[in-house]
Amino acid sequence: MITRAQASRAPLLLAGLAAASLTGTAPEPARAQSAAPGAAVVLDAVTVEGHGDGAEAAARKRLEAIPGGTALVADEDLAGKANVTVSDALGGVPGVVVQNFFGGNDQPRIQIRGSGLQQNPVERGILALQNGLPLNRADGSYIVGLANPRQAELTEIYRGYTANRLGASVMGGAVNFISPTGSSAPGVRLGIEGGSFGQLNTTAQAGGRAGDLDGLIQFQRSRRDGFRDHNGSERTGFDANIGAALSDTVSTRFFAGYTDLSFDVAGPLTRQLLNSNPESVFGGPTVVNGVATNPGPNVVRDRPRREARQFRIGNRTTATFGPHLLDVALGYTHTDDMFRFPVSSGIRRTDGGDVTAVARYAYSPDETQPLPLFETTVRYVVGSADREDYLNNAGTRGALFGRSKLDASTLSLHSGLNLPLAGGVTLSPAVTVTHATRKNDDTFGAARRPTLAFNPANPRAALPAGSIPAGDTGYDRSYDGVSPSLGLTWKPHEDHTLFAAVSRTFEPPTHDDLIATVNGTPNSSAGRPNPAQPGFVSTAYRTPDLKAQTATTVEAGWRSRLGRVSIDAGSYYSWVRNELLSLRDVTGASLGAVNAGQTRHFGVDLGLSASLTEKLGGRIAYTFQDFRFHDDPVRGGNRLAGAPRHVVNASARYAVTPALSLKAEVDWFPGRTPVDNMNSVYTDGYATVDLGATYAITEHVSVYGEARNIFDKTYASSTLIVDQASPTQAVYLPGDGRAFYAGLKVNF
């Protein structure tokens, strides 16, 4: 493993995953950094507006040829939406469940097939990419808010084992946000939008091409006061890429990006406050006759907040020799993350860098096939970070109580075939081998760790400080997995594809799973389970010896176009072993992660889209999830907390005139969702309705407006996930109330 100093000196970040094959024409700088096999896309011979049908159609063709769950979202699908978030970009994709977690800010809970579901917030379970560049750290953790769909031209989604082709080592899948290039988006584009809750967004983009060179730069700035108290957020984003054709057979592209993200965490409410005052924040448990009631964090006093900055730089170079393609990428990210949790966990600061190297070879002798005959990818990610934990002293940084040096590496090797057989059948056997390491050196140094507490009867009054023996939190773990798969596609007709697959996926734990602050309360820091006893001997950390979670999955699906209707349907069943659960107690304080023995994940994903007339079109995405424990000694066959069984997103768009279009969208979560794994407390289902309009004033100027949650529905968009909940517990995270937005875009 390289040292942190070596990682920090690495000059580049992953520029993209290898492509599979090019056409016989001379390659030029890649237009879109697709992660799909065979996705080396060349520049158009002429300048065009937007990414063009060619890039989108080629990406869709490759994704649809994969025997498994995939999807593609184009920027036109989000046209007319104001304040586009990850929820907007992925909310209409079947099989991807996105729930706003921090009150409309840039940190939703996103899960695919349940992986990472039980983290608060979710920080693992999928591989998040931007232009093929990993937003994840070397241990697999990621900050979902660093993904910016506003700057994406296309978004690729890989569900389950299909992400193994990218060198992923996760159970859920992968999402790749693809930026435009100077060839796909020439000219200058400016935008401004604003509206309810103090929302104000500005964007600027400029791109162009000169001969064999192209380049593009994007800038975005947004701020928001938020629907609730203590709910503000700010984001500044920069993204640039430059491509060049070095010869007739070699092309290269450089990338650079920077994101500065900060937001307040308004926290959960009790059911009574959710219904009576959803804009409020919770002040912690109340003491009645010496007994604490309404358990939950004291957001008013602790002021939880997150501030994350990430810098990315990298290069991808592709060389083709007839049917052979070699793609090499090298990259570097630096992430500085401060998370001020409630007092029970304190203030966590993580600062470090990660290096990613990818090499891919593909052999594609038949240009008519969307996937290469043979492909192999080696992906190696290594990184190191310094982590410091401080006491949260009423919203300010208190004494240091922990310091660690966290090292991680993940090496994956994927090889597979796509064998065309007779009758439109393609057989796709593959195997992925993964080796991962996770190491923590406890560098705290002191013999004792400080603790603090507040009086439960008077939460602003500090109790005497204390301390506990420091102990040692160090560990050195390694994880090895072999993940074979066998896929089959049958294309009986050009517009119909059936697929089936059996696969295995492998996901090692992250550092956030392997080391957790524990034994805190809503009024005391980690290591102090009884606030009134500063000398009570406890531990502030838990470092469980976790196993990697694995899943064996069978799935089948059907993709079809029937006249004006497109269908994408699939179903899967997973036998999961050692599922990683991040547990919390009745107060919301962390209990650390554990491996469940066996769980079962069953799901159905259905997407329908239709152009009913030349003016009227619509789509619907339906996701069904039934995730359960299997013969658990404590939880029996209960449902896993936090997974809604039914998720429906439907939209319709009507072109009144060539310049004016109207749209409507419904998000519907029918049925109840368990808050806890004991299935004793549930959150209710809900539905919200949005309306919008877009008007093109001229060819280069357009305006749009949107009304969200027009019926002002009061609802919990998400909840904390705990092992055993209380009916009076603060676990409900309110969604935004009625909101109005308007925007202006100018292209020239």
Side-chain angles (χ1 to χ4, degrees), residues 1-2 7 10 13-20 35-37 66 68 112 115-116 124-129 132-142 156 158-176 314 316 326-333 354-362 372 374-383 407-417 428-439 477-487 501 503-511 547-553 578 580:
M1 177 177 297
I2 69 171
L13 174 68
L14 175 63
L17 296 177
I66 296 174
I112 303 175
S115 185
R124 62 164 168 77
I126 66 171
L127 175 62
L129 305 164
L133 319 176
L135 302 177
N136 301 59
R137 300 187 181 105
D139 69 339
S141 64
Y142 71 101
E156 299 171 327
Y158 304 81
R159 300 192 291 269
Y161 92 103
T162 61
N164 288 358
R165 296 170 178 259
L166 316 184
S169 55
V170 293
M171 194 173 76
V175 178
N176 182 35
R316 166 191 170 180
L326 179 63
D327 206 35
V328 177
L330 182 65
Y332 174 71
T333 58
D354 302 282
V355 175
T356 301
V358 176
R360 181 182 178 120
Y361 167 76
F374 172 73
E375 56 180 308
T376 186
T377 300
V378 179
R379 184 173 185 266
Y380 181 60
V381 189
V382 61
D407 294 306
S409 68
T410 304
L411 173 66
S412 61
L413 171 63
H414 172 85
S415 294
L417 295 166
S428 300
V431 64
T432 303
V433 180
T434 305
H435 174 71
T437 64
R438 308 286 186 260
K439 183 179 180 182
R477 312 264 164 77
S478 63
Y479 304 90
D480 296 283
V482 178
S483 303
S485 64
L486 180 63
S503 63
R504 188 170 177 84
T505 49
F506 172 84
E507 182 174 345
T510 68
H511 282 302
K547 299 178 182 178
Q549 64 180 14
T550 60
T552 300
T553 302
N578 301 312
L580 293 163

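If you read the sequence from its start, that first residue is 1, and numbering goes on from there. Side chains are part of it too, since the values below use all heavy atoms of this structure and drop only hydrogens, waters and symmetry mates.
Taking CE of Met171 as the reference point, atom OG1 of Thr553 lies at 7.5 Å (rounded to 0.5 Å). Separation of atoms OH (Tyr158) and CD1 (Ile126) is listed at 13.5 Å; rounding is to 0.5 Å. Considering CG of Leu330 and OG1 of Thr356, their distance stands at 8.5 Å, rounded to 0.5 Å. In this structure, the separation between CG on Leu580 and CZ on Arg124 is 4.5 Å, given to the nearest 0.5 Å. Summarising the geometry, atom CD belonging to Gln549 is positioned 8.0 Å from atom OG1 belonging to Thr505; distances are rounded to the nearest 0.5 Å. To the nearest 0.5 Å, atoms CG (Leu135) and CG (Asp354) are separated by 11.5 Å.
Taking each heavy atom of Arg360 and Arg165 in turn, the nearest pair found is NH1-O, 3.5 Å. Of all heavy-atom pairs between Val382 and Ala138, the closest is C-CB, 3.8 Å. The two atoms that bring His511 and Asp407 nearest to each other are NE2-O, 3.0 Å, heavy atoms only. The two residues Ser115 and Gly172 have their closest heavy-atom pair at CB-N, 3.5 Å. Nearest approach of Gly125 to Val170, heavy atoms of both residues: O-CB, 3.6 Å. Across all non-hydrogen atoms, the minimal contact from Ala362 to Pro372 is CB-CB, 4.2 Å.
With a 4.5 Å cut-off on side-chain heavy atoms, Arg438 and Thr410 count as touching. Taking 4.5 Å as the limit, some side-chain heavy atom of Asp327 sits within range of a side-chain heavy atom of Arg316. A heavy-atom distance below 4.5 Å is not found between the side chains of Leu166 and Asn176. In this structure the side chain of Val378 reaches within 4.5 angstrom of the side chain of Leu411, judged on heavy atoms. The closest side-chain heavy-atom distance from Arg379 to Ser169 is not below 4.5 Å. Within the 4.5 Å cutoff, the side chain of Val431 has no heavy atoms near those of the Asn164 side chain.
In terms of modelled atom types and a separation under 3.5 Å, the side chain of Ser412 and the main chain of Gly167 share a donor-acceptor contact. Of the possible polar contacts, one joining the Asn136 side chain to the Ala128 backbone as a donor-acceptor pair under 3.5 Å is found.
Among residues two or more places apart in sequence or in another chain, the side-chain hydrogen bond (donor to acceptor under 3.5 Å, both in side chains) test is passed with Thr510 by Asp513. A search for salt bridge (Lys or Arg N to Asp or Glu O under 4.0 Å) contacts involving Arg159 returns Asp605, not counting sequence neighbours. Remark: Arg504 engages no residue in a salt bridge (Lys or Arg N to Asp or Glu O under 4.0 Å) (not counting sequence neighbours).
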Exercise. When you look at Tyr161 and Thr432, which way does the side-chain contact (heavy atoms from CB on, under 4.5 Å) test go after all the steps?
Worked result: CA-CA 10 Å; Tyr161 92 103; Thr432 303; over 6 Å; no
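Counting only N and O atoms by type, the side chains of Thr437 and Ser409 include a donor and acceptor under 3.5 Å apart. In summary, the side chains of Thr376 and Ser415 do present a donor paired with an acceptor at a separation below 3.5 Å, with no hydrogens or angles considered.
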